[in-house]
Amino acid sequence: MFSKVTLIPRLTLIALGLLTAACNGFGTTNITSPGNTPNIATQVGFRVVGRIGTPFSCYISDAVSSWNVQGVVPLNIIIVNESPPVRITANKLVNDSSLLSVEVLAGFFVKALASSSQGFGLAPDGYQPLGKRVLPNAQPASPDARFYVKGPATEVFQALIEDRNTSNLVETRAPAVILYDQPNGGDSTGPIDGIFTAVTITGGFSIDLWWNGGVVASKFGGTSQTLKFQ
Amino acid sequence: MIVALILFGDLNRARAAKVKAAQATVVVGFTGSVVQVDANNQPIPNPPPLPYQHVYLNVVSVRLNTSTKSIVSDSESGWQTIPVPAGVGNSTGTGEVETGLNFGGNFASGGNSVTVAEGRSEIQIDVAQLPQLPLFFNAAQIKADANYHQIELVLDDSNIQVTTNGQQQTAGNAGNVVPLCTTTQPAGEGCVIYPTTIFNPGGTISTISPISLSKQGLYPLVINIQVNIQAAPIVSGAPVLIQPEISVVQNSEPSQSGLPLNQDLATISGTITNFASNNGTVVTAENAGTNIVVQQYYVQSNASLPGAYTLLLPAAADGTSYDIYVSAPKHAFAVKSGLTVFPGKFTELDFDTPAQNAVPLSGQLKDNCAPALPIQAATLQLLMPDPNISPVPDCTASPAIGCVSVATASTDETGQFPLPGNDQFRPAFNNIPVGSAPTNQLYTMLITASGYNRTVELVDSSSNSLSCPGGLGNSSCSFNLDHGYLAGSLNLASPSSGTLSAMVMAEDTGTSNIENFAQALVSPSQSSANFSMPVPDNVGNFDLFATVQDDFEGQPQLQTNHTAQPNTGHSIPVEADVAAPASCATVTPDQPLGDVTCVGHGSVEGGLNNPTNATTVVLEKDGVQVITGVVGPFGSDNSGGYAICAPPDDYTLQRFDDGVAGESAAVALNGPTIVPIASPSATPCPGICDAGQGNACLVCNETAGPSL
């Protein structure tokens, strides 16, 4: 039923999935009952999709920080250590009829969807948990820490993103940008690291670690990579 | 649940595009219309103009079943699904035919579940904007069967929590709508997003239409979506009742080649001589003169007709032009420029792609005024002249008529190109044929990036390598792009109570061709913010305008076409004919943009005389084009009309047909009505912005526009 190539990653995913569930990383249960430890809110992510190759500029804000991200369709964007609610505004950077669509996902489901096919058209979106009424326009992120997972295209990967005291497990598909909100409580000196593991094995990684506007670490090739800053 | 998702998820998305023997390829397109109905979902006789600007549906998939039951449930076997495009490259749901679209997530084989890390995919289509030409949705290989009976449109069936007059309630996520303003009270606020609820939420959106799919056949399936919709809501934010219905636009008789024809689609078919092995040859159709991919066909190397291809393309009655090119690893490109095709007609077109050495093309783009600054999200196109045109087309011209964009790349966050592919799909720039024999491939590279000069560079491919004579260093293909700067400030009439986000747009003067934009964030208690943006220094003067992004009930509002910010409730300041800067110099407008103040919403709608797909209506303020209106929808209640949301002000309405200015008229948009709340309320009435209305409601008013 499963090819040799995909069986191992599938089994790996199952193991990781069960492990994560056991640690209450996501899901709705509290399997090991380690105490009165509620799950965190459903993780919110963004997908910028539409015509492949359409350039866009994206403004993202949660309650604490904001970022400007430029890229091309498709791109997954995830905020690690996010503080909801979140706002995203994506502008096309071309005067043509290409479709640009922004999806806000919470868990597995599209919670908000906005599209534009006009020149320099705008797709604004937002997501707020119940009880939150105002979408933020926060100050620019400081420090501005990002992981650009540029390839291999279509690769599903897992990333363990860490600062001095916490770790966050992320799973998504390349190309992706992972924005780290307030690592080490906003300490501009770091440290942070990211451990990346490919799941679907479609090629070698191409990952940059970006810190305050410049690349401070890069890794190419392989299906498992670690990037560190300080 | 997690285990099931992993086990049955599709991890094989990027495999070669081979068509299986027992399958057929279905190419799905949409047409649409909107019908106004009463509370019982019955059409209103002689309806008024459609009171909606947008009617969005969130489409998940189209699926077919051979069951002859009147209602076929999800749990019944036999469903064959054509999902939205997903992944990159050879994505789930596509076989020998695919689009240039991507919608992120993917599906398990059942078409209704998702894999880990994905989330569900869906595409948002505006039925009020579905034109006469079908919108190409997707193509997929499904089981060949002569007896398909049921066709179903699957929309997002999840629920969302919405806020209506400050109260939380549940609505469907099948779509949403944007009503125009009205002249009657009571009324909800217009020009903002409303959720929808389906009249019959438990039912399916399906039709019965016999379809026969032969093995390895190609079948066009054009679905007409009619959305029945109730009158505009009288409570702000309240869900609007809709009921989508579908029907199939039947195919006509097969062409001489045996391919089915459709009244809305043109068929192009032919044979590739010297095609690549392993289905490696791809035939691509682009909108003429652009790099916008409409459809791609993976030429089968081991099928019953090896080397054959077929494209099914949307075509207007008076013809639609496409650029066609053929590419394959280590084979020469073959191109056809500006092929005009007609609906329901068949065109035969053959190509030859002899084997040829190929090499990668890479480089880096940086800012000429700040050489350490990489240029992100730039687009690079490799243009090639159509060899059948004499004299040879000049691909350095603008527009490059007779040239075809045969490869496109983008820059990453460091300005380097191309972006990575994967083991199965290499970037187009990694396979550029070189050498003078057997075919002489002539290339021109067109580089575009928002705010930078359009740059054209020759690429020398005469030897067995690629070089750029105009590049940095030793004829590398890295470049520094030139530009100037526009800087200034945006003023508010009074200090902002919270952070206000505004977008300042710079467009070529007298046009709606936007060159760049800058975000201006006005901090709480402040009344001004500065902006600066790079702009080209070689395109002439600029018009500036700014719009504020307003939220309604915690939801950012939808865009009004080329306006940078969504249906804003703030006035739009403009400044016309700002001088262009010199290279690396900064130009500042004579006065700050402003003063911006909250004025609420307004809308204007009117008729159009003999509109076509190329008709647009633009709202101008003091000679600056600020908003492009919604035209149409064709074939609907308000066929041949325009509708525009804009803050109340004095404007000029200008009609364009295919870019040529036509009739114009002055129009003053009515301001909103302040509707007092009957009794004291702890919750302010929702409003697009604060115009000093207190707890009262700010409800917009319609303006009847002239016919153009």
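Between A/T89 and B/Q549 the shortest side-chain heavy-atom distance falls below 4.5 Å. Between B/N422 and A/T154, the closest side-chain pair of non-hydrogen atoms falls below 4.5 Å. Under the 4.5 Å side-chain criterion, counting only non-hydrogen atoms from C-beta, A/S206 is in contact with B/P420. Looking at heavy atoms from C-beta onward, B/E413 lies in side-chain contact with A/K150 at the 4.5 angstrom threshold. Side chains of B/Q424 and A/T202 form no contact here, defined as non-hydrogen atoms less than 4.5 Å apart. A 4.5 Å side-chain heavy-atom check between B/Q376 and A/V69 finds every atom pair outside the cut-off. Contact check for B/F517 versus A/S57: side-chain heavy atoms found under the 4.5 Å cut-off. Residues B/T414 and A/D208 have side chains in contact (heavy-atom distance under 4.5 Å, counting atoms from C-beta outward).
The parts of B/I292 that come within reach of chain A are both its backbone and its side chain, each placing non-hydrogen atoms under 4.5 angstrom from that chain. For a residue to count as touching a neighbouring chain, one of its non-hydrogen atoms must lie under 4.5 Å from one of that chain's; by this rule B/T408 does not touch chain A. If you measure heavy-atom distances from B/N291 to chain A, the contacts under 4.5 Å come from both the backbone and the side chain.
Of all the heavy atoms in B/N287 and A/S97, the pair that sits closest is ND2-OG, 4.4 Å. Closest approach of A/G71 to B/A377, counting heavy atoms only: O-CB, 3.5 Å. Heavy-atom minimum distance, B/S501 versus A/N137: CB-OD1, 3.9 Å.
Taking CG of B/N516 as the start and CG of A/L93 as the end, the distance is 7.5 Å to the nearest 0.5 Å.
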message = Determine whether A/Q139 and B/L521 satisfy the following criterion, side chain to side chain contact (heavy atoms under 4.5 Å, CB included), listing intermediate values before the conclusion.
response = CA-CA 9 Å; A/Q139 293 299 307; B/L521 283 174; over 6 Å; no
request  = Could you check B/M503 against A/N91 for side chain to side chain contact (heavy atoms under 4.5 Å, CB included), going step by step and ending with a plain yes or no?
outcome  = CA-CA 10 Å; B/M503 208 73 88; A/N91 266 83; 3.3 Å; yes
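A donor-acceptor pair is defined here as one N or O able to donate and one able to accept, closer than 3.5 Å; no such pair exists between the side chain of A/N95 and the backbone of B/N513.
Between chain A and the options B/D412, B/L500, B/L419, the largest number of non-hydrogen pairs under 4.5 Å is found for B/D412.
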